[in-house]
Amino acid sequence: MNTDASPARRWALPLPPRPSRRWPLLKSPNFRLFALGQTASNTGTWMQKVAQDWLALELSHGDGTVLGITTALQFLPLLVLGPYGGVLVDRYSRRRTLMATQAVMGVIALAPAALVVTGTVSLGALYLLALTFGLTMVVEKPALQAFIAESVAPGQLVSALAFNSAVLNLARMAGPALAGPLIVVCGPAPAFVANALSYLAVIVCLLRMNPRSLNPGPPTTRAAGQVRAGLRYVSDRPDLARTLVLVAVVAAFGMNFQITTALMATHVYRAPAAAFGLGNAALAAGSVLGSLLAVRYQRPSGAHMAAAATVFGVLEVASSLMPGHLAFLLMLIPTGTALLVFLTAAKARLQLGVSDDIRGRVMSLYMLASLGTTPLVAPCIGWLAHAAGPRAALVLGGAVSAAAAVTVSVLHRRPPAHTGSQPAVTTPAPTPAPAR
């Protein structure tokens, strides 16, 4: 029997039964609006991603290298400019920053739709689209991660991170599932339009939030050397530095599913266009399950994080061995579960260990590690998938991810070295907020 809420209240909220027991943060109107906006935005983003990849393969006659280049261009700005985006996030209102970036990305999304309708779309146009989106993401991604801490009470941060991952991955299932049949019936243009409209939904949700119920920290004043200060802060914290390095390696080598699942579907299993996005949907289904596991660990340890990354690497290698498309999709479900548990643990370790005045810069380094490393490896993964087959690309990604996780696990067990030149390496600076 549910004693958490009356029947009338349960019917008043469009939520699954008994939400307050596992997700008490859904009682917050601001976070519900945040989750609604992110559901719309991420659904549109994945619809556009499927349409963009489909166009790239069509225009290049199935060349996986082109798919890798398109992906790399989208994340190249994060690699080059990521820390500077974090400085802007710490300096200005994160809510207003998000509204500005959503407006810009909505306008950009309309451009490829117009090119497809007029028949003037080209690989060059797709490359430019990916690059301009990437430039906006330099600010949008760390602002989004930092804003999560503002939208909930301090003690609910880990639950908010896990729930946001669940929302993102539900959209990751819905987006490809909607985009595949839509492309077959109407072509790729409507997918780009849907993404543009999704950004408008985010802006509306942000405007409807109650600013007095948010928990923003004081903005950082303009000063010289703020990027270096953020890098120095992380380098003096081995726990943060190892987390970021492991995220970077797993993201660069193991998280190229936007390339490998598409090529496995088209080149290995000869799946029809309607099944083009099912690989991403299977990963997302596993990630939703992973969010339910991740919320159980309110303060994940380094060993827990490394174990999840190890399991992910092993499962990715196993997925490459599947003989049929259905078996491949089923193996991607636990792979997505392990990946979500790992990423949530990594974000929680970063967010819980920093003060609010530097949160934007630290999370910009997380986005650089999780997305900005893609330009360095994605073209090589695309080339390997084209030359040796998509199975080889999956094996490489899983093996490198597992090896990196084992290495980090060993380092976490090793006691910190104390030297005369660095007597206070383990002393956080400035004082971290343990509940944020």
Side-chain angles (χ1 to χ4, degrees), residues 49 52-53 56-57 60 62-83 85 123 126-127 130-131 133-135 137-138 141 172 241-268 279-280 283 305-306 308-310 312-320 332 335-336 338-340 342-343 346 364-408:
K49 178 61 179 171
Q52 179 179 298
D53 290 350
L57 289 175
S60 65
D63 189 347
T65 305
V66 170
L67 200 61
I69 293 173
T70 305
T71 302
L73 285 173
Q74 185 163 338
F75 300 117
L76 178 63
L78 278 170
L79 176 64
V80 178
L81 303 172
L123 276 177
L126 286 182
Y127 290 158
L131 185 61
F133 260 103
L135 288 170
M137 286 164 53
V138 169
K141 290 299 183 183
R172 189 177 179 180
R242 290 169 187 164
T243 297
L244 288 170
V245 169
L246 182 56
V247 169
V249 174
V250 172
F253 289 92
M255 291 170 54
N256 285 288
F257 293 109
Q258 69 274 18
I259 299 172
T260 52
T261 58
L263 292 176
M264 286 288 284
T266 57
H267 287 55
V268 176
N280 282 324
L283 284 166
M305 176 189 69
T310 303
F312 162 72
V314 172
L315 289 173
E316 183 173 12
V317 172
S319 71
S320 70
L332 288 180
T335 304
L339 179 59
L340 190 283
F342 162 62
L343 292 177
S364 73
L365 293 176
Y366 170 81
M367 299 314 304
L368 188 155
S370 62
L371 297 178
T373 54
T374 301
L376 299 177
V377 181
C380 299
I381 294 293
W383 173 84
L384 178 63
H386 184 70
R391 295 184 189 272
L394 284 169
V395 169
L396 176 66
V400 172
S401 298
V406 171
T407 302
V408 168

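This one's a predicted model, so the numbers in the text were calculated from it and none came from an experiment. Nothing fancy with the numbering, it's 1 onward along the sequence.
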Enter the distance from [X]:[atom1] to [Y]:[atom2] here, rounded to the nearest 0.5 Å.
{"X": "Met264", "Y": "Leu394", "atom1": "CE", "atom2": "CG", "answer": "5.5 Å"}
{"X": "Thr407", "Y": "Leu246", "atom1": "OG1", "atom2": "CG", "answer": "9.0 Å"}
{"X": "Glu316", "Y": "Met255", "atom1": "CD", "atom2": "CE", "answer": "10.0 Å"}
{"X": "Thr335", "Y": "Leu340", "atom1": "OG1", "atom2": "CG", "answer": "12.5 Å"}

Specify the closest pair of heavy atoms between [X] and [Y], including all atoms of both residues, with the distance to one decimal.
{"X": "Phe312", "Y": "Gly254", "result": "CZ-O, 3.4 Å"}
{"X": "Leu244", "Y": "Ala369", "result": "O-CB, 3.6 Å"}
{"X": "Ser320", "Y": "Arg391", "result": "O-NH1, 2.6 Å"}
{"X": "Leu332", "Y": "Gly279", "result": "CD1-O, 3.6 Å"}
{"X": "Val377", "Y": "Ala252", "result": "CG1-O, 3.3 Å"}
{"X": "Ser401", "Y": "Gly397", "result": "OG-O, 2.8 Å"}

Task: For Thr260, the option from Leu396, Ile381, Val268 that meets side-chain contact (heavy atoms from CB on, under 4.5 Å) - done: Ile381

- [ ] Carefully, step by step, assess Thr243 and Tyr366 under the rule side chain to side chain contact (heavy atoms under 4.5 Å, CB included).
- [x] CA-CA 9 Å; Thr243 297; Tyr366 170 81; over 6 Å; no

Task: Residues which pass side-chain contact (heavy atoms from CB on, under 4.5 Å) with Ala388, listed by chain and number, not counting sequence neighbours - done: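 Checked Ala388 against side-chain contact (heavy atoms from CB on, under 4.5 Å); matches are Leu384, Ala392.
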
List the atom pairs, with distances to 0.1 Å, where a side-chain N or O of residues 72-82 and a protein N or O form a donor-acceptor pair under 3.5 Å, not counting sequence neighbours.
none

Open item on the list: With heavy-atom distances below 4.5 Å as the criterion, would you say the side chains of Leu365 and Pro83 are in contact?
Closed with: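 Of all side-chain heavy-atom pairs linking Pro83 with Leu365, at least one is under 4.5 Å.
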
